[in-house]
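Heavy atoms only: backbone and side chains are in, while hydrogens, waters and symmetry mates are out. Because the structure is a prediction, the values reported are computed rather than measured.
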Amino acid sequence: MLISTIFSKRKFTITMILLSIILLAVAPLFAPPYAIISLITILMYVILTLSWTMFSGPTNYISLATAALFGVGVYTSATLNDSLPLIVIVIISGLISFLLALLIGMLTLRLKGVYFILFTFGVTALIRNAIQWWETHITLTVGRHVTSPGNDTIYTYMVVLYSLTLIFIFLLQNSSYGMALQGIGENEDAAEHIGIDVTRIKVIVFALSAIFMGAAGAVMATRWRYIDPNVAFNPLLSFLPVLMAIFGGTWLLGGPILGAVIFTLLQQYLITEYPYLYMLLMGLTLVIVILYLPGGLLTLVMKGYIWLVIQWAKTKWQWQVLTTRWKEEWRPKVSMWLAQWRLRWQWRLGRKR
Amino acid sequence: MAQNILDILITGLILGGIYALIAVGLTLQYGVGRVLNVSHGEFILIGALSTYTLYTNFGISPLIAIAIITPVLFTIGYILDRTLYNYLRKKAPNTDAFSGTSLLASFGLAFVVQNLMLTLWGANLKGYTYLNTSVSIFGTLYGLNRLLALGVAVGVSVIFYLFIRYTRLGKAIRSSAEDRVMAQVMAVNVKQVLAICFGLGAALAGLAGILYSMMFELQPSKGIELTIIAIVVVVFGGLGSITGSLIGGFVLGLVTSIVNFIDPSLSLVAFYLIFILLLIFKPSGILGRQIHAD
């Protein structure tokens, strides 16, 4: 009751979305250059996690195709690099990822549970190995160099992509499609009986979520400057968004963002000094979160918030009790007492006179 | 030409034997316990790397190492199932939810084990030579260690098949895989059986790792590739079918060696292509049950 009344208010969500976008937009004015570079990486993970959550959060279909959809964007950007302006490349990459996801979705979304996870993982590995084979045997290049438009431009692109992703998810969640996805996640057979075209909605949303992954990939290719299939289709890019989303909690917009930001900061802090420790910690966190915190970090935050609200209500109630007591018990007593004193005083004065 | 065919056949059988062992381990964990254990490859590498240490530092032969490593891995697997997966199984509302959460938990486990191995053994390639005298079969030379590995793999597969088919515990395992509730009604201690299955899976992975370490070079980060091989073989044989994964292991071993003969760089592509086509056209595998048995 508390959560639904306090937190699902659209006004709150809209304010938070706008606030984060404005903060990110003015960040280059006062943040040092290296902070911008690390913000680009953070934004990449946030976008990937958000677009993963868009489909997999409500439906509980765990997709491991993120690396494929992202990598396709990276590769499109690398091959088209100098021939077209960046904005066109980003749009084209998004569209190609959209088409790939549409294909994957149409092939697999009839499958349920583990089969879907396995299929998406297999597709990613197939694309990675096929492109690697193609590069070494047909085009005879192992990696590609990409010219960069400069970190400020890349940052601007990432912020715009971030805002588009957030706004898109917000609109999706508040539309009938979002409701349908929720229903599919709760009980797919029941959703089908109500008259929802289950497969169509799953395929469409899965494909739409791929646009943002592909576009982010196209921008990140210009950030990395040198790419090869193992960088572009790195299997970790499939696992990390899942991990971050589950770590943060998928049932609110803030969850994936929280998870992605915390994990990326941890990564940037730990990976240079203790690379193995970082991965070990990541694994342990995943296990612990699954065991003891199924709703993610968001549950903790929400519990803390609810505790605060309860404390606030308690103090308010106690204040009310205090004031009513004052009004009903103590004030009459005090005023009586004052009146007595006044009378006595007047009586004394009168006697003197 | 006949020489080549024989060569392909024997290499395929050797690979297939290892694939079959790996896949049977995973089938026990998935088919019975519903845990799609992604850390399976890491268990294989634990077996392989500890054999390496035992052989190079203590001079213990890999065949004796089997008797040391498999019981240890069995115990680890047993404890893991009794604690981690049992807890998840109790909390999950249905089997589908359980396969999701257990998959993610085993991802976490894979990360932990892999990086423990990296800190213990380092990231370098490791290999040792054991029994590398060559034997000639119909004019082609084969390392004795390869033939030994083939012998052990086939022997263990047969013994395991007989164990599942004819013993009491084997029957209990099969019935728990078929219908867990009915098995419980028939007085099978399902919790115990599931834990034993997980332990057996880990032990078989360790055994496969020991055989693997006799022939190939080892690297702690290779685990995920082995896991993928195991998953492909298991899906090929049908998720949950033990005979299917035995057959599937040998078939895919032969296919790999044929593709390797044509162009070694295409072997991974071919592998994934088979996997994808299989999932699209026959997701229940060659001997599998229906997709939603329960």
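- Of the atoms belonging to Ile131(A), not a single heavy atom falls under 4.5 Å from chain B.
- Using a 4.5 Å cut-off between heavy atoms, Met282(A) touches chain B through its side chain atoms alone.
- Here Tyr272(B) is the residue among Phe275(B), Tyr272(B), Phe111(B) with the most heavy-atom pairs under 4.5 Å with chain A.
- Proximity to chain B (any heavy atom under 4.5 Å) is restricted, for Ile246(A), to the side chain, taken from C-beta onward.
- Of the atoms belonging to Ile288(A), not a single heavy atom falls under 4.5 Å from chain B.
- Contact annotation for Val235(B): only side-chain heavy atoms (C-beta onward) come within less than 4.5 Å of a heavy atom of chain A.
- With Leu118(A) as the fixed residue, the side chain to side chain contact (heavy atoms under 4.5 Å, CB included) test singles out one of Leu279(B), Ile276(B), Val234(B): Leu279(B).
- Both the backbone and the side chain of Phe107(B) come within contact range of chain A, judged by heavy atoms closer than 4.5 Å.
- Contact annotation for Val289(A): neither backbone nor side-chain heavy atoms come within less than 4.5 Å of a heavy atom of chain B.
- Contacts between Ile117(A) and chain B at a heavy-atom distance below 4.5 Å involve the side chain alone, from C-beta outward.
- Interface remark: Leu107(A) contributes side-chain atoms only to the contact with chain B (heavy atom separation under 4.5 Å).
- Here the two rings, on Tyr87(B) and Tyr292(A), have centers that are under 6.0 Å apart.
- For Leu273(B), the parts lying under 4.5 angstrom from a heavy atom of chain A are both the backbone and the side chain.
- Identified by a heavy-atom distance below 4.5 Å to chain B, the contributing residues of residues 53-75 of chain A are Ile62(A), Leu64(A), in residue-number order.
- The number of heavy atoms from other shown groups lying within 6.0 Å of CH2 (Trp224(A)) is above 12.
- The contact between Leu280(A) and chain B is made by backbone and side chain atoms together, counting heavy-atom distances below 4.5 Å.
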